[in-house]
Amino acid sequence: MLHYASQILPSLLSGAWMTIKIFFWTLIASIPLGVVVSLGLTSNIPPLRWILKFYVWLMRGTPLLLQLIFVFYGLPIIGIIFQRYDAAIFAFILNYTAYFAEIFRGGFQAIPRGQYESARVLRLTRGQTLRRIVIPQVVKIVVPSIGNEVINLIKDSSLVYVIGLGDLLRAGNVATARDVTLLPLVLVGIIYLLMTAVATFILRRVEQHYRAWR
Amino acid sequence: MLELKNIKKQFGNRTILNNFNLQVPDGQIVAVVGPSGAGKTTLLRCISGLESVDSGQFLLDDKPFDPANNRDNDNVIGVVFQDFQLFPNLTVLANITLAPQLVLKQSKADSEKRAQELIDQLNLTGKESLYPYQLSGGQKQRLAIVRALAMNPKILCYDEPTSALDPDLRQTVEQIILGLKRDQMTQIVVTHDMQFAKNIADQLVRVEPIKA
Ligand SMILES: Nc1ncnc2c1ncn2[C@@H]1O[C@H](COP(=O)(O)OP(=O)(O)OP(=O)(O)O)[C@@H](O)[C@H]1O
Ligand SMILES: [Mg+2]
């Protein structure tokens with residue numbers, strides 16, 4: 001059995017690598033984009049607000065699976081063609097940006113006006129106020145909710161199997177079907193657990209870092 | 001000297017200040033009193049540029065002055081807010097040095113040296129590396145004052161400096177304000193505490209509600 005496990009492990013790990021890449025690029029892009037969109041959601045330019053609200057409503061109101069299928073199988077019909085991997089990254093970024101934007105919007109709205117006003121009378125620019133005063137406070141507020149989404153993202157990444165990408169889940173599924181054994185799926189479960197454990201650990205550390213002040 | 005000439009301030013079609021005039025000579029303490037809702041806070045917000053006025057003129061040292069768009073770092077109007085509005089994510093020292101470093105371009109060493117002088121002067125010694133939530137009400141207020149002073153303001157404004165504090169601390173606030181006066185600081189203090197106002201003020205200004 002150990003022999004079998006070591007035989008299928010390379011394919012599982014290469015699947016896990018795909019999962020990690022999707023996870024990583026989605027976070028790298030959609031967290032900053034989420035901040036930008038959340039600023040747009042609270043801006044005083046009504047058309048911008050409406051468009052972004054519609055976007056968030058659409059992304060949160062439809063399944064991510066549908067969005068993936070739409071980007072990879074749907075868009076080519078109107079001439080927009082993505083490679084499998086690009087389609088997956090694109091759909092994940094679009095989807096997760098919307099969730100992060102909502103979380104950040106709540107965070108920004110929790111900052112009292114007085115913080116902006118005291119920064120203003122101290123002559124800080126808007127950028128300085130955001131970077132040094134507002135964003136650190138927002139981050140502290142949103143870390144727990146962002147953490148939930150990060151854990152979700154690890155698991156959601158398995159949805160890419162519908163567009164034929166070889167991620168961790170697919171690698172396990174293929175091995176199980178071929179060799180008629182449960183072991184690959186058990187290993188897949190263990191690898192997911194390891195990944196969520198690492199993410200949880202890092203998130204705890206971040207939360208701890210922000211516990212220095214209230 | 002700061003002069004307000006015929007200042008008018010409306011919210012929608014409600015007039016809060018109408019033809020309001022005020023002179024604040026250098027080094028003096030002006031106490032602004034009046035009933036709740038009269039417009040004392042609004043006046044202070046106009047002077048500090050947080051609200052724009054509908055008409056009238058500000059003069060600072062005889063030169064026209066627009067608080068709402070003023071970017072001249074020699075003409076800072078400092079504000080001590082009623083609820084202090086300290087920055088919770090920064091230590092006491094960083095609350096004080098942030099703006100001098102970012103805005104006045106002081107070096108870290110210079111800004112910290114100046115901050116330390118003010119910290120010692122206002123009796124916050126030893127609190128440098130604490131966060132605002134670890135301070136008492138009186139300490140928070142003194143930090144708010146120090147943070148404003150570190151920008152070398154022309155004028156320092158306070159909104160209800162006694163309201164958030166224990167009554168025993170009223171004396172202390174009086175002493176701080178009078179102590180700053182000895183250093184030639186020009187101060188405008190909004191309060192509804194008549195006794196407090198009389199104890200500190202060179203000039204008492206009443207703001208009355210305007211009947212619609
Ligand atoms: N942003 C605003 N929009 C509309 N009305 C406002 C605004 N700010 C203040 N007001 C109104 O202006 C009037 C004066 O308010 P202000 O806060 O200046 O009173 P105040 O003299 O400071 O009262 P208090 O002693 O209770 O603090 C009030 O009637 C208030 O409702
Ligand atoms: Mg008031």
Side-chain angles (χ1 to χ4, degrees), chain A residues 31-32 34-35 38-39 42-46 100 103-147 202-214, chain B residues 41 44-45 47-51 67-92 94-105 129-135 140 143-144 146-159:
Chain A
I31 288 181
V35 173
S38 74
L39 291 175
T42 52
S43 86
N44 41 23
I45 311 163
F100 287 143
I103 293 171
F104 280 113
R105 186 183 58 81
F108 277 106
Q109 282 174 345
I111 308 301
R113 267 176 69 96
Q115 290 284 299
Y116 294 91
E117 292 184 342
S118 64
R120 170 135 181 239
V121 296
L122 290 167
R123 299 288 176 85
L124 300 187
T125 63
R126 177 141 182 92
Q128 288 167 341
T129 307
L130 282 178
R131 265 198 321 281
R132 308 295 290 267
I133 311 295
V134 176
I135 290 186
Q137 294 182 52
V138 169
V139 170
K140 182 180 170 78
I141 296 170
V142 302
V143 163
S145 324
I146 296 281
I202 293 171
L203 286 160
R204 287 260 165 76
R205 295 302 293 265
V206 175
E207 273 183 55
Q208 243 158 38
H209 172 79
Y210 279 97
R211 215 166 279 156
W213 49 273
R214 283 179 218 153
Chain B
T41 296
L44 211 61
R45 291 173 58 85
I47 292 173
S48 56
L50 291 171
E51 298 282 354
N69 294 302
N70 167 39
R71 289 262 125 208
D72 177 353
N73 291 333
D74 292 331
N75 287 330
V76 172
I77 309 285
V79 182
V80 177
F81 291 90
Q82 188 167 6
D83 48 4
F84 317 133
Q85 294 296 344
L86 302 169
F87 302 130
N89 56 317
L90 300 178
T91 62
V92 166
N95 260 278
I96 302 167
T97 57
L98 181 73
Q101 286 176 15
L102 293 180
V103 179
L104 304 180
K105 311 290 178 204
S129 53
L130 297 185
Y131 286 93
Y133 83 93
Q134 294 166 307
L135 301 179
K140 282 182 188 153
L143 173 55
V146 169
R147 183 179 66 173
L149 287 174
M151 287 296 285
N152 303 317
K154 267 267 158 67
I155 297 172
L156 187 52
C157 301
Y158 307 72
D159 194 0

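Computed from heavy atoms alone, side chains included, the values below leave out hydrogens, waters and symmetry copies. Throughout, protein chains are lettered first and strands after them, A, B, ... in sequence-line order, and every chain is numbered starting at 1.
Distance CE/B/M151 to CG/A/L124: 7.5 Å, rounded to 0.5 Å. Separation of atoms CZ (A/R123) and CD1 (B/I77) is listed at 8.0 Å; rounding is to 0.5 Å. To the nearest 0.5 Å, the span separating CD on B/Q101 from CZ on A/R132 amounts to 7.5 Å. Taking CZ of A/R131 as the reference point, atom CG of B/L102 lies at 8.0 Å (rounded to 0.5 Å). For the atom pair CG of B/N89 and CD of A/Q115, the computed distance is 7.5 Å after rounding to the nearest 0.5 Å.
Note: B/N73 leads B/N73, B/D83, B/L104 in heavy-atom pairs under 4.5 Å with chain A.
Residues A/W213 and B/Y133 come closest through the heavy atom pair CA-CE2, 3.7 Å.
If you check the side chains of B/Q85 and A/E117, you find no donor sitting under 3.5 Å from an acceptor.
Side-chain contact between A/Q137 and B/P88 is present, with heavy atoms from C-beta onward closer than 4.5 Å. Side-chain contact between B/F87 and A/S118 is present, with at least one heavy-atom pair separated by less than 4.5 Å. Looking at heavy atoms from C-beta onward, B/L90 lies in side-chain contact with A/I133 at the 4.5 angstrom threshold. Using a 4.5 Å cut-off on side-chain heavy atoms (C-beta onward), A/L122 and B/V76 make no contact. For the pair B/F81/A/V121, a side-chain contact is recorded, criterion being any heavy-atom separation below 4.5 Å from C-beta on.
Sparse packing is recorded around CZ of A/R113, with 12 or fewer heavy atoms of other residues, nucleotides or ligands lying under 6.0 Å away. Within a 6.0 Å sphere centred on CZ of A/R211, heavy atoms belonging to other residues, nucleotides or ligands number more than 12.
With a 4.5 Å cut-off on non-hydrogen atoms, B/R45 touches chain A through its side chain but not through its backbone. In this structure, chain A has no heavy atom under 4.5 Å from any part of B/N95.
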